[in-house]
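Mind having a look at this structure? Questions to follow.
If you're wondering where the values come from, they're calculated on a predicted model, not measured in any experiment. Proteins come first, then strands; the chains are lettered A, B, ... in the order of their sequence lines, and each starts at number 1.
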Number of protein chains: 2
Amino acid sequence: MATEFTGTGDPARSMALLWRTPGEPVSRPGPRAGLDVDRIVAAAVRLADAEGLSALSMRRVAAELGVGAMTLYTHVPGKGELVDLMLDSVLGELYPAEEAVTSGSWRDRLTTVARANWDLFLRHPWALHLATGRPPLGPHLMRKYELELRAVDGLGLSEVQMDLLVTLVTGFVRGTVGGVQERADAERVTGLGEDQWWAATEPYLAQVFDAERFPTAARVGPVAGEELQAAFAPERSFAFGLERLLDGVAALVADPARS
Amino acid sequence: MATEFTGTGDPARSMALLWRTPGEPVSRPGPRAGLDVDRIVAAAVRLADAEGLSALSMRRVAAELGVGAMTLYTHVPGKGELVDLMLDSVLGELYPAEEAVTSGSWRDRLTTVARANWDLFLRHPWALHLATGRPPLGPHLMRKYELELRAVDGLGLSEVQMDLLVTLVTGFVRGTVGGVQERADAERVTGLGEDQWWAATEPYLAQVFDAERFPTAARVGPVAGEELQAAFAPERSFAFGLERLLDGVAALVADPARS
DNA sequence: ACGATCTCCGTACCGTGTACCGGAATGCTC
DNA sequence: GAGCATTCCGGTACACGGTACGGAGATCGT
């Protein structure tokens with residue numbers, strides 16, 4: 001699994017691709033293209049969904065499309081731009097019904113935002129491993145930002161507070177789903193199930209673990225391990241964290257001047 | 001920058017290395033080793049601190065130590081185990097003064113936890129890019145877990161709630177510092193400063209951005225961009241998020257049965 | 001002195017992103 | 001219809017990655 005950076009390509013070329021700015025509309029010489037950007041992006045997303053970001057190589061994507069590796073470079077400047085396009089593409093899946101983010105109580109709206117991001121990361125785990133310090137400013141990212149801001153609009157918060165709040169909620173989801181996903185990824189990478197890994201590790205831990213040095217861990221660890229290993233554990237973490245977060249937001253909404 | 005997985009090696013071998021279980025204490029034949037695990041780990045941490053996780057290759061670490069690449073494999077089974085050792089090693093920097101996490105109000109204690117994790121990730125940004133679905137259960141990770149649990153002990157919370165809460169706070173820090181760090185990383189990877197990148201991108205965005213479709217973004221974006229681009233912006237995000245989180249925790253502490 | 005055992009490491013294999021260049025297909029111009 | 005600029009396609013090659021393999025030399029117990 002590799003971390004890819006978004007926004008590593010030429011900004012002009014990236015923006016043109018993201019917004020699908022038509023090149024020359026007139027008919028030009030040369031053979032008709034048997035391939036286009038959308039098909040490449042779709043194939044890359046399918047591949048990354050199925051086998052993870054580490055399986056996403058130009059050769060693999062090309063093979064998936066039945067073309068040579070270098071053919072991709074006719075349509076996409078490089079892997080960096082492809083990753084940008086993949087991300088903006090899947091962001092288009094968010095909020096198919098806009099009303100869900102703009103109507104109801106602010107608590108419901110923020111829950112919708114969190115849940116939507118959660119689901120998206122579950123569908124496309126590779127998106128977690130993208131470093132979006134230079135986000136691909138494509139149409140779907142813009143729409144996402146707009147709708148999430150609307151979810152916190154009209155609460156008497158300042159513009160900066162609104163931005164901070166949206167970032168906080170989406171960041172929380174990113175962190176939480178990351179913890180969940182990393183366990184699943186580990187299973188695929190190591191080929192060992194969680195229980196097998198634990199069975200192989202626990203005896204050695206028992207040898208070195210000093211319950212007198214770590215009394216609280218000795219007390220909490222087993223209980224938490226038991227309780228949070230079940231299938232619904234991710235839901236538990238998500239729900240618990242979101243409730244705390246929303247309670248904190250409620251305090252802010254009640255008194256916006258507190259921060 | 002690559003995401004590395006912790007816990008990819010043989011559990012038995014990994015645990016023996018993490019806890020530095022002595023092998024055969026008697027003197028054996030063969031030349032004296034000119035290298036040991038600690039020196040390798042220290043060199044690897046230095047390298048990753050300075051140049052990022054993507055620069056961390058076995059060849060580079062070996063070169064740093066003035067030995068051949070394959071020499072490392074005499075002391076460490078592979079790169080996966082080396083990463084485990086690196087992480088547990090830097091976790092040892094946390095909480096040099098244990099009292100800070102065990103005394104004072106719970107709000108102060110949790111602030112200390114968050115701040116300590118924040119500082120650690122700033123010192124060792126590569127740690128953010130480790131997928132810890134199978135955490136290296138070394139002595140320093142154990143100590144970290146113990147101390148962070150103590151920070152939320154005695155508040156009337158259940159064991160599971162304690163574990164969830166610690167995970168929530170550290171997850172929040174991870175997410176927040178990630179956003180900050182990714183910007184700095186992007187600058188190094190692309191060689192473009194944030195302002196240069198924005199200057200190159202903004203004209204294209206202006207061409208395609210439709211203020212009527214995205215009115216809220218049009219209103220909030222510029223203000224937030226202005227306000228949160230300054231040097232202290234990371235601090236702002238961190239402080240804002242932590243206050244919301246702690247306010248939410250206060251509601252839980254006041255009424256532990258609510259979740 | 002011998003043999004077992006250990007440290008060190010050169011070579012090699014496969015996989016990566018992509019620069020470079022040649023060959024084939026196409027549509028515009030004349 | 002001929003010529004040609006332009007475009008698509010993809011084979012080859014390079015530097016770099018982790019590490020399997022096996023050999024050379026050092027050092028100990030016997």
Once you measure the plane-to-plane angle for Phe214(B) and Phe209(B), does it fall in the parallel (<30°), tilted (30-60°) or perpendicular (>60°) bin?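 The rings of Phe214(B) and Phe209(B) sit tilted, inter-plane angle from 30° to 60°.
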Specify the separation, in whole Å, of atom CG of Leu53(B) and atom P of dG18(D). 11 Å
Which word best sums up how the rings of Trp118(B) and Phe238(B) line up, parallel for under 30°, tilted for 30 to 60°, or perpendicular for over 60°?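 Tilted, since the angle between the ring planes falls between 30° and 60°.
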N/O donor-acceptor pair under 3.5 Å between Arg213(B) side chain and Asp210(B) backbone: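 Flag not set: sc Arg213(B) to bb Asp210(B) has no pair under 3.5 Å.
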Taking atom NE2 of His124(A) and atom OG of Ser89(A), what is their separation to the nearest 0.5 Å?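 Output value for this atom pair is 7.5 Å.
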Between the main-chain N or O of Asp36(A) and the side-chain N or O of His75(A), is there a donor-acceptor pair closer than 3.5 Å? no
Give every pair of a protein N or O atom and an N or O atom of nucleotides 13-17 of chain C that lie under 3.5 Å apart, one pair per line with the distance.
{"from": "dT16(C)", "atom 1": "OP1", "to": "Ser57(A)", "atom 2": "OG", "distance (Å)": "3.2"}
{"from": "dG17(C)", "atom 1": "OP1", "to": "Met58(A)", "atom 2": "N", "distance (Å)": "3.4"}
{"from": "dG17(C)", "atom 1": "OP1", "to": "Lys79(A)", "atom 2": "NZ", "distance (Å)": "3.1"}
{"from": "dG17(C)", "atom 1": "OP2", "to": "Met58(A)", "atom 2": "N", "distance (Å)": "3.1"}
{"from": "dG17(C)", "atom 1": "N7", "to": "Arg59(A)", "atom 2": "NH2", "distance (Å)": "2.6"}
{"from": "dG17(C)", "atom 1": "O6", "to": "Arg59(A)", "atom 2": "NH2", "distance (Å)": "2.9"}

Check Glu93(B) with Arg143(B), please: is the shortest side-chain N to carboxylate O separation under 4.0 Å?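 No.
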Whole Å only: how far is the CD1 atom of Ile40(A) from the C1' atom of dC9(D)?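 Taking atom C1' of dC9(D) as the reference, CD1 of Ile40(A) is at 12 Å.
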Interatomic distance, Leu35(B) CG vs dA26(D) P [rounded to whole Å]: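 Going from Leu35(B) (CG) to dA26(D) (P), I get 18 Å.
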Enumerate the residues from residues 61-72 of chain A whose closest heavy atom to DNA chain C is under 4.0 Å, giving them by residue number; use none for an empty result. Met70(A)
OP1 or OP2 of dC9(D) under 4.0 Å from side-chain N/O of His75(A):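 Answer is yes, contact under 4.0 Å.
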Any carboxylate oxygen within less than 4.0 angstrom of a Lys/Arg side-chain nitrogen, looking at Glu182(B) and Arg174(A)?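 Counted as a salt bridge, because a side-chain N and a carboxylate O are separated by less than 4.0 Å.
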Donor-acceptor pair, Lys144(A) side chain versus Gly92(A) backbone, under 3.5 Å? no
